[in-house]
Amino acid sequence: MKNVRVWFKKDDQCRYISHLDLNRVMIRAIQKSRLPVWHTEGFNVHPYITFALPLSLGFRGERESMDMRILDDNLKLDVIKDELNKCLPNGLSVFDVTEPKMKPGAIASAKFKMRLSCDEYSVEELYTKLQEMLNSDEILVDKKTKKGIKKIDIKEYFKDAKHYDTENDVVIRVTLPAGSTTNINPTLLVKAFFEKYSVEPYYDITRVDVFDEKGRAFE
Amino acid sequence: MIKEKLEKILLKVQKPGKYVGGELNAVIKNKDEVDVRFAFCFPDTYEIGMSHLGMKILYSLFNSKPYIWCERVFAPWIDMEEQMIKNEIPLYALESMDPVSEFDFIGFTLQYELSYTNMLNMLKLANVPLKSSDRTELKNIVVAGGPCACNPEPVADFVDIFFIGDGEEVDLEVIELFRECKKSGKTKQEFLLLASQIKGVYVPALYEVLYNEDGTIKSFAPKFENVPEKIEKRVMMDMDNSYYPDNFVVPNVEIVHDRAVEEIFRGCIRGCRFCQAGFLYRPVREKSVDCINEQCHTLCRNTGYDEVSLSSLSSSDYTQIVPLLEKLSSWSVDENVSLSLPSLRVDGFTEDILSKIKSVRKSGLTFAPEAGTQRLRDVINKNVKEDELLDTCKVAFNGGYSTVKLYFMIGLPTETLDDVKGIADLGQKVVSTFYQAENRPKGKGVRVTVSSSSFVPKPFTPFQWEPQDSIDTIHEKQAHIRENLTTKKISYNYHDADTSFMEAVFARGDRKLGEVLLKACEKGMRFDGWSDCFSLENWLEVFSECNIDPHFYANRRREFTEILPWDHIDYSVTKEFLINECKKAYDNQTTPHCREKCSNCGAMKHKGGVCFEKRSSLV
Ligand code: SF4
């Protein structure tokens with residue numbers, strides 16, 4: 001038995017499914033592929049899979065990963081990739097299968113690309129307003145925590161964010177804390193914008209990559 | 001472009017995954033390479049529609065023809081509907097994302113009377129004229145099938161063509177005819193006249209109804225020569241060779257029944273007198289063990305589902321049930337596929353079957369005695385004996401079960417308060433049985449759920465002439481059950497009487513109700529099958545604005561001689577048989593099921609199925 005890490009993209013129609021749905025889709029793809037994947041034992045038998053870091057509904061993911069155990073040590077990793085790809089819906093595609101090098105718990109941050117636009121402002125106006133907000137002393141926003149809603153200042157997290165405008169939208173690139181300890185969802189910026197200007201921009205967010213504490217790409 | 005507009009709104013609605021398509025096995029074709037585009041509309045949510053077997057069969061069947069592209073359309077939930085209207089997004093089909101108004105056919109499956117408003121609302125969201133007479137060109141042909149098509153009259157103003165009976169052949173014949181008519185430049189009227197010649201096709205615009213002063217029907221007749229007076233249902237007699245999909249569209253988001261489904265037979269031998277399906281789908285036609293086994297295996301392999309449900313109206317009546325379960329187990333266990341058998345009958349629930357299903361998955365135990373006393377069960381011809389039910393419960397309790405659900409109906413013909421009390425008593429007896437079972441699960445209490453729905457008299461049943469209990473009477477009966485339940489081990493829940501009342505109105509409605517539906521649609525009513533949206537008050541307002549009395553349809557006793565709105569539709573079961581069954585009901589007399597004795601219902605004319613099986617009693 002060996003552990004493998006399945007790397008995939010979540011995009012197109014599949015960006016609109018929740019983490020729970022993704023879990024179900026993957027389990028069915030494994031079942032359909034008939035790959036020798038280790039199953040949980042007991043009452044409700046199903047292939048055992050774990051995801052490194054859940055992705056919010058609506059986000060695209062360029063380097064997502066899922067771990068599972070393969071019963072046949074001689075099975076080629078490429079075969080796993082090809083067989084799974086035959087069984088996945090549009091919007092989910094496996095681009096690599098590797099042997100895991102880090103533990104999912106090592107993940108400390110994630111890099112996002114956000115595209116924002118809105119009907120109320122032109123791209124230039126939106127850009128100026130966002131810049132104004134990012135340059136202010138604090139960016140306060142309500143964050144849901146286990147203990148209820150808390151006002152937090154996200155200025156700190158977005159201080160290195162790069163942003164520029166294109167023809168259709170404003171693009172922001174930012175790396176945010178992610179993983180088991182702190183998670184900062186990039187939509188908090190959208191929320192803060194709404195709280196400040198009463199305009200809710202459309203957002204299209206891609207999680208580009210995930211890193212460990214030292215900023216090394218998760219492998 | 002619909003797709004771009006959608007991207008902006010999808011994150012504002014619940015479960016956006018159901019509005020984007022792209023599922024595994026969804027069929028994508030090039031629209032320039034097909035002759036006919038068919039929008040298969042399910043007048044309810046994605047979660048419900050995607051669970052529906054009939055839609056899966058027809059979707060795959062249509063798409064198996066290279067010249068047809070069939071796509072799926074579901075009713076957007078209210079949050080999505082609001083966004084679509086606000087952003088001027090018309091109703092679209094999930095495969096191509098093209099507007100429904102571009103399709104040649106707009107097909108609906110009518111499973112439930114309270115989804116009629118959804119059908120109209122979907123046409124409205126598609127910007128397609130609601131009334132058949134307002135759609136004059138040979139496009140956007142609105143067709144409908146499904147059990148509610150047995151009384152098409154309430155929606156006759158909106159639908160161009162109804163398919164009566166099994167759809168596998170007649171649908172394709174009509175699509176093929178359309179293709180020819182389109183090529184040769186025929187008008188819609190010419191097409192409809194030709195279509196009416198096909199067996200199983202009902203074109204309501206070709207008939208005229210006249211009414212008596214009291215609102216009953218005076219006459220119903222074709223307007224043109226050659227248009228048939230009676231529309232006979234279509235039946236697939238050879239189930240093994242009938243089309244069955246080897247693939248299902250596998251949804252990305254969770255739906256109601258998220259598993260592979262295999263139909264093991266069509267029809268039901270029982271003849272419960274309240275059950276419309278039991279009469280509409282006669283005679284019983286089975287698939288062979290080998291056929292079922294192969295279809296199940298293929299489906300699981302192609303979809304990745306790890307559960308297959310054996311579907312029929314009464315699964316344990318399948319003659320080869322034990323050999324079938326054995327055959328399926330030969331691969332299902334190894335492939336981690338579990339089997340589920342819904343609609344099991346009490347007397348069919350043997351230890352043998354129990355062990356087969358349990359070995360894979362332990363599900364709850366449900367029974368539907370439907371009535372609380374033997375007398376009333378005889379009236380409705382529900383052949384469930386109390387001691388059998390309790391014996392089965394005992395077997396199950398000894399086998400480790402501790403929860404039981406019991407389903408009943410209230411408001412049945414001839415019902416008294418004693419019969420109603422019998423419901424509570426039966427629940428009580430199940431509780432006692434638990435404590436008598438020696439090997440019952442230790443340390444666990446028993447939980448019994450008693451549910452009651454209100455009886456809705458349906459066309460093509462022996463009770464089609466019966467009045468429905470008034471809402472007040474139903475409420476009294478519900479209270480009576482509650483008062484007679486003395487233990488906390490039993491929980492009681494009931495189906496809302498208001499919705500059953502509207503269901504009864506539309507089930508036996510006539511063409512006059514078209515106006516009511518139109519008005520309801522104008523007022524924005526839809527999702528009436530959902531308690532979130534249904535409002536009796538709104539309905540009563542619509543009825544009074546149209547000057548139509550809903551009680552005329554729901555609560556009136558009809559004479560056997562009255563012309564019923566659905567009399568021109570022929571489901572093979574004769575009116576004499578239904579009248580006879582109704583009279584027997586009043587005498588508390590039961591009728592044996594098809595395998596015990598043929599009662600000559602009329603379905604024999606299809607020359608097959610159970611009507612020609614060898615009966616053991618004849619040997
Ligand atoms: S003709 Fe007889 S056997 Fe056939 S369906 Fe009717 S009652 Fe049953």
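Numbered from 1 within each chain, the chains take letters A, B, ... in sequence-line order.
By the 6.0 Å contact criterion, CD on E294(B) is open, its count of non-hydrogen atoms from other residues, nucleotides or ligands being 12 or less. Dense packing is recorded around CZ of R259(B), with more than 12 heavy atoms of other residues, nucleotides or ligands lying under 6.0 Å away. Counting heavy-atom neighbours within 6.0 Å of K405(B) NZ, excluding the residue itself, gives a total of 12 or less. Within 6.0 Å of NZ on K147(A) lie no more than 12 heavy atoms contributed by other residues, nucleotides or ligands. At most 12 non-hydrogen atoms from other residues, nucleotides or ligands lie less than 6.0 angstrom from OH of Y48(A). By the neighbour-count criterion of 12 heavy atoms within 6.0 Å, atom NZ of K12(B) is densely surrounded, having more than that number from other residues, nucleotides or ligands. Atom NZ of K143(A) has more than 12 neighbouring heavy atoms from other residues, nucleotides or ligands inside a 6.0 Å radius. Enclosure of atom NZ in K151(A) by more than 12 non-hydrogen atoms of other residues, nucleotides or ligands within 6.0 angstrom is indicated.
At a 4.5 Å heavy-atom cutoff, K18(B) makes no contact with chain A through either its backbone or its side chain. Only the backbone of E23(B) has a heavy atom closer than 4.5 Å to any heavy atom of chain A. Interface remark: D119(A) contributes side-chain atoms only to the contact with chain B (heavy atom separation under 4.5 Å).
Below 4.5 Å, heavy atoms of chain B meet no heavy atom from residues 67-75 of chain A. Proximity to chain B at a heavy-atom threshold of 4.5 Å picks out nothing from residues 183-196 of chain A. Residue-level contacts of residues 79-95 of chain A with chain B, in order of numbering, are C87(A), L88(A), P89(A), N90(A); threshold 4.5 Å between heavy atoms. Close approach to chain B, defined as a heavy atom under 4.5 Å from one of its heavy atoms, is seen in Q13(A), C14(A), R15(A), Y16(A), I17(A), D21(A), R24(A), V25(A), R28(A), Q31(A), K32(A), R34(A) of residues 13-34 of chain A, taken by number.
In this structure, NZ on K8(B) lies 14.5 Å from OH on Y203(A), to the nearest 0.5 angstrom.
Among all heavy-atom pairs drawn from L11(B) and G58(A), the shortest one is CD2-CA, 3.5 Å.
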